[in-house]
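Reviewing the structure listed below.
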Amino acid sequence: MNSLNRFAFLSLLCIGAAAMAADAPKISPADIAAGLMSVKIDGMQDLPITGLKMVKTGDQIVFMSSNGRFALYGGKLLDVWTQQEIKDLPDIDRIARRIDLSRMKLNIDDLGPVTVGRGKDSVLIFIDPRCPYCGKVMKDLQALQERYTFKLVMVPILGQESQNIVVQLACQQASKDQKVQDSVRQRLLKQDYAGLPTDNPASCNKEPLQRAIVTAKLFGLPGVPFLIAPDGRTHSGAPESLSDWLENKPDVVQAPAKIDKQEKKP
């Protein structure tokens, strides 16, 4: 099991019992971290059901989604990320179809985002630099910079060329030189990557990019662009009207760019 899945599974097992108990106290991140050090998984098997795993720890059995977000525990359905129980159909839209970044304690700036705009509300967007639908979103967001702050997180899902571009831009973005960061932002917004070096940078802090790729895996990105609105709503693909989608108005969706058949998800 890779480290990402193990973290998700262990988080579930630490949270599950206490979160489901009627008299359970509120669990703090410190409690979760402490529990991660002590939980032992005795066995795990994929079931012949898409996206569901069976996890055994001691005498307890938990059924959970592949990314570790949803779990069936004690006859109840739990959203592990937000520690909320899903009890009724409206909860699917209110909880399950959203990603509440504030409850996840995820610091977006740790992912090395390119920031566009200065508005009060923050919008997280996963992009591949070569994705044409990402280009549409990046064009549309430029008219909304006063209302929103857009955090563009690069993930290379469209092949080797994308990977080369992302590494070069991510390394430049990690620079403390504001002019260099401004250049990265302009390259992305214009999707102009002419003149970028092709060799791996000799000195580069790749930790933000690595965190971005792990986070993309955790969220189970089906393609790019992948948007998370300030209220937690998610969207895969380019909205017909970005402004309308952010305001939660009905719109028509363009298909997202699919992951290259020769490339695995980040």
Exercise. Looking only at atom types and distance, does a side-chain atom of Asp244 sit under 3.5 Å from a main-chain N or O of Leu246, one as donor and one as acceptor?
Worked result: no
For this session: For residues Leu227 and Phe126, determine if any side-chain heavy atom of one lies less than 4.5 Å from a side-chain heavy atom of the other.
Result: no
Exercise. Would Phe226 end up clustered with Met104 when hydrophobic side chains under 4.5 Å apart are linked, directly or stepwise?
Worked result: yes
Seminar exercise, completed: Phe150 and Leu242 have their tightest heavy-atom pair at CE2-CD2, 4.2 Å
Problem set entry | Test item: Ser183 side-chain N/O and Lys179 main-chain N/O as donor-acceptor pair under 3.5 Å | no
Problem set entry | Minimum heavy-atom distance between Ala71 and Val62, given as atom pair plus value | CB-CG1, 3.9 Å
Problem set entry | Rounded distance [0.5 Å steps], OG1 in Thr149 versus NZ in Lys120 | 11.5 Å
Exercise. Under the side chain to side chain contact (heavy atoms under 4.5 Å, CB included) criterion, do Lys87 and Lys76 qualify, and how do the steps go?
Worked result: CA-CA 8 Å; Lys87 300 178 180 180; Lys76 298 180 180 181; over 6 Å; no
Exercise. Are the side chain of Gln191 and the backbone N or O of Pro129 linked by a donor-acceptor pair below 3.5 Å?
Worked result: yes
Exercise. So among Asp93, Asp91, Asp79, which one has a salt bridge (Lys or Arg N to Asp or Glu O under 4.0 Å) with Arg98?
Worked result: Asp93
For this session: Check Ile108, Val114, Val116 against Lys151 for a side-chain contact (heavy atoms from CB on, under 4.5 Å) and give me the one that passes.
Result: Ile108
Exercise. Can you check salt bridge (charged side-chain N to carboxylate O under 4.0 Å, His left out) on Arg147 and Glu247, steps first, answer last?
Worked result: CA-CA 11 Å; Arg147 296 166 56 189; Glu247 294 176 9; 2.4 Å; yes
For this session: Look at the side chain of Gln145 and the backbone N and O of Arg118, then say whether any donor-acceptor pair between them is shorter than 3.5 Å.
Result: no
Problem set entry | Leu78 versus Glu85, closest heavy-atom pair with distance | CD1-N, 4.3 Å
For this session: Measure from NZ or CZ of Arg233 to the centre of the six-membered ring of Trp245 and say whether it is under 6.0 Å with the direction within 45° of the ring axis.
Result: yes
For this session: Check whether the side chains of Asn164 and Gln160 place a donor and an acceptor atom closer than 3.5 Å, and report yes or no.
Result: yes
Exercise. Testing Leu188, Leu196, Asp128 for side-chain contact (heavy atoms from CB on, under 4.5 Å) with Ile165, which one passes?
Worked result: Leu196
Exercise. Taking the side chain as C-beta and beyond, is there a heavy-atom pair between Met54 and Ile61 under 4.5 Å?
Worked result: yes
Exercise. Are any non-hydrogen side-chain atoms of Arg103 and Gln83 less than 4.5 angstrom apart?
Worked result: no
Exercise. Run the side chain to side chain contact (heavy atoms under 4.5 Å, CB included) check on Trp81 and Asn67 step by step: do they pass?
Worked result: CA-CA 10 Å; Trp81 292 358; Asn67 67 347; 3.7 Å; yes
Exercise. Just by distance, do the side chain of Arg69 and the backbone of Met64 share a donor-acceptor pair under 3.5 Å?
Worked result: no
For this session: Please round to the nearest 0.5 Å and tell me the distance separating atom CG of Asn107 and atom CG of Leu101.
Result: 10.5 Å
Exercise. Any side-chain heavy atom of Asp110 sitting closer than 4.5 Å to one from Pro208?
Worked result: no
For this session: State the NZ-CE distance between Lys136 and Met138, to the nearest 0.5 angstrom.
Result: 12.0 Å
Problem set entry | Side-chain heavy atoms of Ser241 within contact of Asp140, under 4.5 Å | no
For this session: Output the distance between atom CD1 (Ile99) and atom OG1 (Thr82), rounded to the nearest 0.5 Å.
Result: 11.0 Å
Exercise. Among side-chain atoms of Asp182 and Gln178, is any donor-acceptor pair under 3.5 angstrom?
Worked result: yes
Problem set entry | Least distance between heavy atoms, Leu221 atom then Val224 atom | CD2-CG1, 4.3 Å
Exercise. At what distance, to the nearest 0.5 angstrom, does CG of Asp100 lie from CD1 of Ile95?
Worked result: 10.0 Å
For this session: Ignoring hydrogens and angles, state whether a donor on the side chain of Ser175 or Asp177 is under 3.5 Å from an acceptor on the partner side chain.
Result: no
For this session: Start with the C-alpha distance between Ile127 and Val155, add both sets of side-chain angles, then the distance that settles side chain to side chain contact (heavy atoms under 4.5 Å, CB included), and finish with yes or no.
Result: CA-CA 6 Å; Ile127 62 169; Val155 287; over 6 Å; no
Exercise. Is there a donor-acceptor contact under 3.5 Å linking the side chains of Glu161 and Tyr193?
Worked result: no
For this session: I would like to know whether Thr234 and Phe219 meet side chain to side chain contact (heavy atoms under 4.5 Å, CB included); could you show each step before the answer?
Result: CA-CA 10 Å; Thr234 63; Phe219 290 166; over 6 Å; no
Exercise. Going by heavy atoms in the side chains, are Asp121 and Asp231 under 4.5 Å from each other?
Worked result: no
Problem set entry | Any Ser122 side-chain heavy atom under 4.5 Å of Pro230 side chain | no
Exercise. Heavy atoms, side chains only, cut-off 4.5 Å: are Leu189 and Gln142 in contact?
Worked result: yes
For this session: Could you tell me whether the side chains of Lys53 and Ser66 share a donor-acceptor contact shorter than 3.5 Å?
Result: no
Exercise. Which heavy-atom pair separates Asn205 from Ala174 by the least distance, and what is that distance?
Worked result: O-CB, 4.2 Å
Exercise. Roughly how far apart are Leu111 CG and Met154 CE, rounded to 0.5 Å?
Worked result: 11.0 Å
Seminar exercise, completed: Residues Ile125 and Val137: closest non-hydrogen pair is CD1-CG1, 3.8 Å
Exercise. Taking the side chain from Gln168 and the backbone from Asp199, do they hold a donor-acceptor pair closer than 3.5 Å?
Worked result: yes
